[in-house]
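Each chain gets a letter, A, B and so on, in the order the sequences are listed, and its residues count up from 1. Computed from heavy atoms alone, side chains included, the values below leave out hydrogens, waters and symmetry copies.
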Amino acid sequence: MSNAFRIAGAGRIDRNAPLAFRFNGRPLQGYAGDTLASALLANGVHLVGRSFKYHRPRGILSAGHEEPNALVQLERGAYTEPNLRATEIELYEGLDASSVNCWPSVDFDLRAAFGFASPILVAGFYNKTFKWPKSFWKKFYEPMIRAAAGLGTAPTEADPDTYDRMHWHCDVLVVGAGPAGLAAALPAARAGLRVALVEEAHELGGSLLARSAEIEGLSGSEWAARAAAELEALPNVLLLRRTSVFGYYDHNYLMAVERRTDHAGPGRMPGIARKRLWHFRARRVVLATGAHERPIAFGNNDLPGIMLANAACTYAQRYGVSLGRAGLAFVNNDAGLRHALDTHAAARNLTHIVDARVSPDPGLLRRADEAGIEVLTGHLVSTAGGGKRVSSVEVRGIDGGGARRIACDHVLMSGGLNPVVHLYSQAPGTLRYDASLTCFLPDRTLQAVETAGAINACFALDRALADGARAGAATLAALGHAAAPVPVEARDDLKLQTLWSVQTSLNTELPGKHFVDFQNDVTERDIRLAAREGFRSVEHTKRYTTNGMATDQGKTSNVVGLALLADALAKPIPEVGTTTFRPPFTPVTFGALAGRDRGALSDPVRTTPIHAWHVENGAVFEDVGQWKRPWYFPLPGEDMHAAVQRESKAVRTTAGIMDATTLGKIDIQGPDAAEFLNRVYTNAWTKLGVGACRYGLMCKPDGMVMDDGVTARLAEDRFLMTTTTGNAARVLDWLEEWLQTEWPGLKVYCTSVTEQWSTVAVVGPNSRKILQALAPEMDFSNAAFPFMSFREGTVAGLQARVFRISFSGELAYEINVPSWHGLAMWQAVMAAGKPYGLTPYGTETMHVVRAEKGYIIIGQDTDGTVTPQDLGMDWIVSKQKDFIGRRSFSRPDTARAGRKQLVGLLPADRSFVAAEGAHLVADPQRARHDPATGSPSLGDVTSSYLSPNLETGFALALLADGRALHGRTVHCVTAGGLQPMTVVDPVFFDKEGKRRDGID
Amino acid sequence: MLKITCPWCGAREEIEFSYGGQAHVAYPADPAALSDDEWAQYVFMRDNPKGVFLERWVHSQGCRRWFNAVRHTVTHQIDATYKPGEPPPAQAGVK
């Protein structure tokens, strides 16, 4: 019968709005206002999943975010989401959920046989069990473990939803809109402060919605609704529902995720971002995060039907759901006892209360008596019996005697309350252990934060309200507003009897499994085993046993686990301490974190003004930083190799054209500009004439090469520096840092002009003819326009700056025009070059031809440990002046023999192209992986290509003492063995440098 | 994420800034006059205190200016920020 376990007239569900849904394929019905968990329970469904390791039947333990068991896979296809807590999913029409971690079904799970193997599946079993034979790991053990473990299934399709990000600054951020949070928010809101109140549920009120209460003549829910209405009407208040604060970071920076459409079902609210990621910066924070109830470890305490007492109360009072026909409560404190009685008040189905205490509160005992519940004081539940649902419990006296079995179909348990100190701890705040409440409470913090309500152990409603008012007044006062101080509220005395585990209390071993961490299947036995095996630190024990490491992050298990560890180690609990609380407090969807930064928006893409031409002409692109650069331009039928060979040949025999726009360009101006360059570059700059260019190398103070490039003197007080494409921003940062922090006296300004200029490089023996055709008025002769100079003039009808510089050793020109003319210039050059077979080429060919000349690329042939001398570039290091890094060249380590030096390598087998990064060794006989007998690496290949101009593979390498080894053979390590290569000078092509002035 | 007060722009989020290590480590006036050890001290050695630290920041996504901050390396509390060339504010905990 549908909804057989609904309590007539109870709960905050809308009985006029039935909702159909499916669970594991079975059609069921719930009501608007239900969660998936409450709707399942209303239909008598307690078995909702299988456990992680032993595949034991599991039911619903809680009614909130702390749920360890009731994880479901929600929806299918692109909308599917794994491991959602059924206790938090708001029911909607057509909802489709299924259990995770069961096979073939939740009712009949073959892997439950693992339960019989449990003696070997103990803490650390991965490390202990699956070791022999060694060959079994890869083929048998690992696939088996992988198939059996894990929870839900990640979606394989792209996420169809959108996600947003919000930033919010406020005076006061209140986390949690239960009674304490509302009481704290109201005074701040009334005072006109900018208040944000964040609540994870869809309705404000927290426990007020789930308990019988009366405040100011109203019911708890009415009072909450009135407070909500008042806050909502205030323009200075941001009220967020369905929003979970999951991280508390430095300087009162908090993050939250708001679920905006999930309650309606996937795809039902088109045009609205599914989630919003909120970034808060608050002057003051109030944490009113409540408390979690704690389970008790007893035999088979994980059977479906066994639930936390406050959760049972919430199901009864908020959702009008009873858990069965005959229930039993097992408690050790007044709060748990109260939860049990409040549950019974609505559900009328408790037959027994087992209280570990000899003399509980007489008032509460009277209530139980009036309700006709049999109370067994001074008793414990030792084990539960049943298959897929609890059917009975064995009860014993606290002396271990008087065992009796009581039939029941559900059990409520309460081992005490744990204040939700997670966010406070992240703040960071320290915690202190309260021995009478056996829980951790907020202690000290430097953040501007108050805690209010149950987090301060003010559990009872009147205390929570009073403590909220106190936190609100304290917050107002801290922000300089008049507020009458409210005295600190006394903590609740739960009259708690310490009880972590029944076995521990009885000091005897009992049958069944005594679970501590339900989600990761960690038992009391595992924790004691870890202690026996020598684990002392709570952090180590956590990792060894995996206690608290599941998706619930141990919300119901951490404190019990560390208490049992303390007991096993015979240490006081504060000495063992807690594990670190880390964000996120509850799991956050990746989509929410990514927000709009997906696909093309995940990282900016920079393209040059000529990009469209490259695309049209079939370029294959390479990412260089954020830039898209043409890698090569294949003709129909060509692969990369063929294209690069053709392009490289064209550059050397006729002419090539390359888009060099991406090179970093920095305009450096000021009367001290030349002096400034003198200090940052290793060579001299003061005497460079206007109109001339010079290659420069810059080093860090440690003497290591940092960047290189050609800089032109545009005027007496103005230079144009170029940098490598990937380093442009870093070099500008570097220059500005030195100007601002070390040499503020220098009158120099640096401006990035990378985006303002487009650069077309025309390279090869025929480049002069092409330029001449484009700019008939300009004189391109060697005499009038020598190497390393620039001229301004009209090229193809456009005002341009032409640099005669070369990164190939060929006669070459780089035409700079304002970027909006880049494409026009490129097209004009292509047209003018047509008679010469002008060939567009990409970065790969650029690399080949520069390597043929032994020209380095920073970051490829250098790695931050390479000096100019290592590169054989002593010629660029001034002996006359100081510059950044110079002093380091005489440091012992920089000046020593045996440093790696730049060399060329030619393979014995001309077709061999070494892998970049491959190691070089001397003695082929000793080249084994054994470090004792193997040949040590002498260096590695930094650049390696096949050259159509040299007709061989060739490489640049950094080799220990390389310059002394010219003519010798080294061996390049490859997966297929060693390849002999001859060490040569790094300049392979046109050693005399005759080609740069042209070859006609 | 820290909230950092740029002396020119005011309080901004940490993502606008870049870190520059220990403050008040001047580039030596005459590096050639230093011993190898003294030079190595300048190039490589920096303090790493557990406590109050004078450090450099640059407002790289803002005004692009450098400044100094007094930050506690354990609590991340920033007591003050000040412009380059200015002495560190006389505060408790600052040596």
Checked P428(A), S888(A), G703(A) vs chain B; the most non-hydrogen pairs under 4.5 Å come from S888(A)
Relative to the ring of W57(B), is the ring of Y19(B) parallel (under 30°), tilted (30 to 60°) or perpendicular (over 60°)? perpendicular
By a 4.5 Å heavy-atom criterion (distance strictly below it), what part of R281(A) contacts chain B: side chain, backbone, both, or neither? side chain
If I measure from the heavy atoms of chain A, does V74(B) come under 4.5 Å with its side chain, its backbone, both, or neither? neither
With a 4.5 angstrom heavy-atom cut-off, is it the side chain or the backbone of R64(B) that approaches chain A, or both, or neither? both
Parallel under 30°, tilted from 30 to 60°, perpendicular over 60°: which one fits the rings of F17(B) and H59(B)? parallel
Using non-hydrogen atoms and a 4.5 Å limit, figure out which bit of D733(A) sits close to chain B: side chain, backbone, both or neither. both
Evaluate the ring planes of Y27(B) and Y42(B), with Trp represented by its six-membered ring, and classify them as parallel (under 30°), tilted (30 to 60°) or perpendicular (over 60°). perpendicular
Between Q869(A) and T867(A): side-chain donor-acceptor atoms closer than 3.5 Å: yes
Heavy-atom neighbours of M1(B) CE exceed 12 at 6.0 Å: yes
Identify which part of D882(A) has an atom lying under 4.5 Å from any heavy atom of chain B, answering side chain, backbone, both or neither. side chain
Using a cut-off of under 4.5 Å on heavy-atom pairs, state which of I884(A), T741(A), N252(A) scores highest against chain B. T741(A)
Chain A contact via W66(B) - which portion, at a heavy-atom distance below 4.5 Å: both
Quick check on V43(B) against chain A: is it the side chain, the backbone, both or neither that has a heavy atom closer than 4.5 Å? side chain
Looking only at heavy atoms and a cut-off of under 4.5 Å, which of R65(B), Q77(B), E13(B) has the most pairs with chain A? E13(B)
Side chain proximity check, H251(A) to I78(B), heavy atoms < 4.5 angstrom: yes
Taking T682(A) for the side chain and I876(A) for the main chain, is one N or O donor matched with an acceptor at less than 3.5 Å? yes
